[in-house]
Amino acid sequence: MYLIPNKSLARFILIMLGTACLPTWGQLPDPTVLVIDTENVVEYVDDVGVPAKFGLTPTIVPLIPPSGFPYIAAVGDIVAVNGQPAKGSLFGSIMAFGASPTILAGRSIADATRSSMRSFVFEILKTDGSQVGSITTLGMNGGTAPPGAPSTQSVAAYTIVGGTGAFLGARGQGGQIRLTVPAARQASMAEDPANRRINGGGTVRFVLQVLPAYSPSVVSTSAGPAVTHSKDFTLVTPDHPAAPGETLSIFVSGLGPTRPSRDSGAVFPANPPSTVTSPVAVTIGGKTCSVTAAVGYPGTLDGFQVNIVLPADVPAGLQELQVSSAWVTGPAVKIVVK
C-alpha cells in the first residue's frame, strides 16, 4: 500500500512526476542486456508431412531428418532472466535452409553462413505466474553475432521487432550463447508436445540487447533525490541520513504497466492502488533491499512510489541507490546512510 507524503513534498512530487513521462524521440535509454535461460527446449521438425499425424505419440519419436527446407516449431520453458528466477515460455517458428558460401548438396549457396530463419516470442512471467510482458524477435540463426552485440553472444543475429507489457515498444537485437550443455532437442512432429517436460529437451541461453521504451528514474529535488523516510516523508539528507533496517519511500518514473490497467492519458487513481506488474528491485551500496510496495502515485501519469526496507548490513556513508524494473536499471543516485 502506498503512503501519502506531507502536503508540501507531495505537491512538489506531483509536479515532478506529472512531467516525468517517456523519453522524447531520439532520447532512448541505454541498451539493457537480458540473458534468458530456457530449459526443456524441443524443436519439433516436420518429418511427417501429414498434419493429421502430428502430436499423436506420447513417447520420444526418433527424428527422420527431412530433406529440403523443413519447417520446425520450437517450445521451451523460461527459468531465469539475468540470473534471477522467472517463469514463462519460449515459442519459435523456424525455417531451415543451411546457407553457406561453400557448395553443399541440399543446402543453400549464399554469401553468409546461416542455418535457418527464426521467429521467437519470449513470454516472460514472474515466479508467481503473473505476466511481465513478451519480446518478439525475428532473424537468422547460426553463423556469428552481428557487430555491436554483447561480448557474451556467440551465435545468431535476431532483431527485436517489438514487445508487450513491460517491453511495449522495445527494439534491439539478440542471439544465443553457446553452452556446453545439450542444445535444443530435435524431435519428430509425430511426438506429443503435451509430454515435452516428461520426455525432456535441451537448454538454450539467449542474450537480448534491448532498447526499452522507458527506464526507471528517481525524481530529483533541489535538496537531492526524492528518497524519503517513510515515517514522516522527510527527505533523506546528510542531516537526516537513512538507517539500516529503516523503511524508505522512493519516488520514481518509468516503472511500466500496472494492475489494474488504465487507459492512455489517464492518471493513477487513489483507489484501488495501481500495482506495478514488473519485478522491481532496489540496491543501496550494492546491497539488495526488500521491496514492500511499488505502485502508481495517485494523480500522476508516470509517477510511482516504491517502498523499501534497507538491509541491516548496508554500508554507512554516501551510497549509490539504483532502481530497476523488468531488469531495466535506471541511473544511480546517491543518498547518505548512517
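Just so it is clear, the model here is predicted, and its values are computed rather than measured.
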Is it the case that more than 12 heavy atoms not belonging to [X] sit under 6.0 Å from its [atom1] atom?
| X | atom1 | answer |
| --- | --- | --- |
| Glu123 | CD | yes |
| Asp313 | CG | yes |
| Ile103 | CD1 | no |
| Asp128 | CG | yes |

Only pairs under 3.5 Å count here: list side-chain donor-acceptor contacts from residues 46-54, not counting sequence neighbours, and write none if there are none.
from	atom 1	to	atom 2	distance (Å)
Asp46	OD1	Val48	N	3.3
Asp46	OD1	Gly49	N	2.9
Asp47	OD1	Ser188	OG	2.8
Asp47	OD1	Met189	N	3.4
Asp47	OD2	Ile64	N	3.1
Asp47	OD2	Ser188	OG	3.1

Could you report the tightest heavy-atom contact between [X] and [Y], atom names first, then the distance?
| X | Y | answer |
| --- | --- | --- |
| Gly165 | Tyr214 | O-OH, 3.7 Å |
| Pro260 | Pro272 | CG-CG, 3.8 Å |
| Gly148 | Gln209 | O-OE1, 3.3 Å |
| Ala281 | Val291 | CA-CG2, 4.3 Å |
| Ala242 | Leu248 | CB-CD1, 3.9 Å |
| Lys287 | Pro311 | CB-CG, 3.6 Å |

Look up atom [atom1] in [X] and atom [atom2] in [Y], then write down how far apart they are to the nearest 0.5 Å.
| X | Y | atom1 | atom2 | value |
| --- | --- | --- | --- | --- |
| Thr203 | Arg185 | OG1 | CZ | 12.0 Å |
| Thr277 | Leu125 | OG1 | CG | 11.5 Å |
| Met140 | Ser116 | CE | OG | 7.0 Å |
| Leu310 | Cys289 | CG | SG | 5.0 Å |
| Leu104 | Thr102 | CG | OG1 | 6.0 Å |
| Ile198 | Asn40 | CD1 | CG | 10.5 Å |

Under the side-chain contact (heavy atoms from CB on, under 4.5 Å) rule, what do Val204 and Thr38 come out as? Steps first, then yes or no, please. CA-CA 5 Å; Val204 182; Thr38 61; 3.5 Å; yes
Is any side-chain heavy atom of [X] closer than 4.5 Å to a side-chain heavy atom of [Y]?
| X | Y | answer |
| --- | --- | --- |
| Val33 | Pro31 | no |
| Val132 | Lys126 | yes |
| Leu138 | Tyr158 | no |
| Gln173 | Thr159 | no |
| Thr144 | Thr113 | no |
| Tyr71 | Tyr44 | no |
| Phe304 | Thr258 | yes |
| Pro216 | Ser325 | yes |

Decide yes or no on side chain to side chain donor-acceptor pair (under 3.5 Å) for Asn307 and Thr292, but give the supporting numbers first. CA-CA 6 Å; Asn307 293 342; Thr292 58; 4.7 Å; no
Is a side-chain donor or acceptor of [X] paired with a backbone partner of [Y] at a separation under 3.5 angstrom?
| X | Y | answer |
| --- | --- | --- |
| Asp302 | Gly254 | yes |
| Asn82 | Val35 | yes |
| His240 | Thr228 | no |
| Arg262 | Leu301 | yes |
| Thr221 | Gly224 | yes |
| Arg171 | Val161 | yes |
| Ser134 | Gly163 | no |
| Arg205 | Asp37 | no |
| Ser274 | Gly296 | no |
| Ser230 | Ser249 | yes |

Output a table of donor-acceptor pairs, distance under 3.5 Å, between side-chain atoms of residues 329-338 and any protein atom two or more places apart or on a different chain; print 'none' if there are none.
none

State yes or no: do [X] and [Y] share one hydrophobic cluster built from I, L, V, M, F, W and Y residues joined by side-chain heavy-atom distances below 4.5 Å, directly or via other members?
| X | Y | result |
| --- | --- | --- |
| Val42 | Ile36 | no |
| Ile78 | Ile160 | yes |
| Leu63 | Ile72 | yes |
| Ile250 | Val280 | yes |
| Val236 | Val314 | yes |

Ring centers of Phe167, Phe122 separated by less than 6.0 Å: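 Judged by ring-centre distance (under 6.0 Å), Phe167 and Phe122 do not meet the cut-off.
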Arg196 vs Val41, test: side-chain contact (heavy atoms from CB on, under 4.5 Å). Steps then yes/no. CA-CA 8 Å; Arg196 174 177 56 86; Val41 182; over 6 Å; no
Please report the C-alpha distance between Leu208 and Thr137 in whole Å, then the side-chain angles of each, then the deciding distance to 0.1 Å, and finally whether the side-chain contact (heavy atoms from CB on, under 4.5 Å) criterion is met. CA-CA 9 Å; Leu208 303 182; Thr137 67; 4.2 Å; yes
Mind listing the side-chain donor-acceptor pairs of residues 83-92 below 3.5 Å, one per line with the distance, residues two or more places apart or on another chain?
from	atom 1	to	atom 2	distance (Å)
Gln84	OE1	Trp327	NE1	3.1

Does any donor atom in the side chain of Asp239 or Thr237 lie under 3.5 Å from an acceptor atom in the other side chain?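 Judged by distance alone, the side chains do not pair up.
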side-chain contact (heavy atoms from CB on, under 4.5 Å) assessment of Asn199 paired with Glu191: CA-CA 10 Å; Asn199 294 335; Glu191 189 175 310; 3.4 Å; yes
